[in-house]
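These numbers come from a predicted model, not from an experiment.
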Amino acid sequence: MKVGFIGLGIMGKPMSMNLLKAGNELVVFDFNETAVAEVVAAGAKGVKSGAEVAAECDTIITMVPNSPHVRAACLGEGGIAEAAKPGTVVIDMSSIDPVESKKIGAELAEKGIELMDAPVSGGEPKAIDGTLSVMVGGKKETFDKYYELLMQMAGSVVYVGELGSGNVAKLANQVIVALNIAAVSEALTLAKKAGTDPELVYQAIRGGLAGSTVLDAKAPMMMDHNFKPGFRIELHIKDLNNALNAAHAVNASLPLTAEIMEIMQSLKADGNEKDDHSAIVKYYEKVSNVSIEREN
């Protein structure tokens with residue numbers, strides 16, 4: 001398949017590489033010329049704008065940071081809509097506000113362009129090895145048509161419902177992950193403050209009901225004070241802001257999400273926004289005046 005790909009960042013670049021490995025013809029664009037050059041070296045064709053991508057491809061994937069970037073890529077100057085043929089399908093794999101996703105989809109539909117939202121979960125490691133979880137909103141027949149293409153970048157691809165539903169699922173995922181990390185932070189800080197080794201507490205509880213993917217992924221990082229980002233706090237703030245905006249639009253109350261959002265804002269104020277979200281534990285260490293870092 002000939003596919004356009006806009007957005008070659010931490011996630012987009014390895015995802016595009018996997019599409020190339022699967023044998024697709026790829027036309028790519030990003031403002032980062034170094035990233036474009038890397039993907040071109042792997043076999044893609046690089047162009048200078050989203051409009052140039054659309055001139056060559058009737059299937060286009062976007063993977064950009066947030067709602068304004070998706071709008072610019074699709075509808076802005078030099079964007080997809082400037083050159084796309086009627087019948088073009090845009091698969092937006094960014095994580096954005098579902099309300100805005102629906103608005104962008106409606107504006108594209110007026111130009112004969114169809115939008116699916118297909119955000120991903122799994123971070124850079126799973127983008128690299130092609131085992132992302134993809135949650136998709138849009139027309140079911142379009143999902144069926146592109147399922148195999150999406151699976152070339154993923155371990156699972158699940159249809160969630162109409163346009164915007166993919167981003168609702170992603171925001172639900174991000175709420176659960178954030179609150180899970182906060183719970184792990186709170187529990188391990190309690191253990192340390194009570195004079196019990198957090199490592200032994202972790203080993204004792206990980207096989208029971210408290211065990212989780214988040215616990216196993218993040219507790220060791222917390223105890224090593226290894227906050228090298230797999231998913232940065234500033235990006236989680238972006239997602240939770242979208243979650244709160246979407247919740248307010250449908251009159252849903254997210255009190256725990258609001259609380260963890262404020263904890264992350266406090267961490268950002270302390271200069272930790274580039275850290276992995278496991279650095280939420282720093283907040284608990286600060287307010288309890290303790291460190292759970294392993295002793296060498």
Is there a side-chain contact between S291 and K192, using heavy atoms and a 4.5 Å cut-off? no
Check: T142/E114 side-chain N/O donor and acceptor closer than 3.5 Å: yes
Do I91 and M93 have side-chain heavy atoms sitting under 4.5 Å apart? yes
Linking I/L/V/M/F/W/Y whenever their side-chain heavy atoms sit closer than 4.5 Å, directly or via other members, would I60 and M1 fall into one cluster? no
For residues I61 and V3, determine if any side-chain heavy atom of one lies less than 4.5 Å from a side-chain heavy atom of the other. yes
Does a side chain donor of either Y146 or T59 reach within less than 3.5 Å of an acceptor in the other side chain? yes
Salt-bridge criterion met for D276 and K218 (N-O under 4.0 Å): yes
T88 side-chain N/O to K85 backbone N/O, donor-acceptor pair under 3.5 Å: yes
Do Y202 and D216 have a side chain donor and acceptor closer than 3.5 Å? yes
I'd like to know if the side chain of S95 pairs up with that of K170 as donor and acceptor (distance under 3.5 Å, no hydrogens or angles considered). yes
Between K13 and E38, is the closest basic N to carboxylate O distance under 4.0 Å? yes
Give the ring-plane orientation class for F231 versus H236, where under 30° counts as parallel, over 60° as perpendicular and anything between as tilted. perpendicular
Between the side chains of K282 and N272, is a donor N or O closer than 3.5 angstrom to an acceptor N or O? yes
Go through the structure and list residues passing side chain to side chain donor-acceptor pair (under 3.5 Å) with T131, not counting sequence neighbours. D129
Test: E56 and K2 ion pair at under 4.0 Å: yes
SB check E234 R232 (cutoff 4.0 Å): yes
E148-Q152 side chain donor-acceptor pair, cut-off 3.5 Å: no
Would you mind checking if E25 and K45 are paired as a salt bridge, meaning a charged N to carboxylate O distance below 4.0 Å? no
Give the C-alpha distance, both sets of side-chain angles, the deciding distance and a yes or no for salt bridge (Lys or Arg N to Asp or Glu O under 4.0 Å) between R71 and E107. CA-CA 10 Å; R71 175 168 287 280; E107 291 176 50; 2.9 Å; yes
Just by distance, no angles: are the side chains of D97 and S67 close enough, under 3.5 Å, to form a donor-acceptor pair? no
According to the interplanar angle, ranging from 0 to 90°, do the rings of F227 and H225 count as parallel (below 30°), tilted (30 to 60°) or perpendicular (above 60°)? tilted
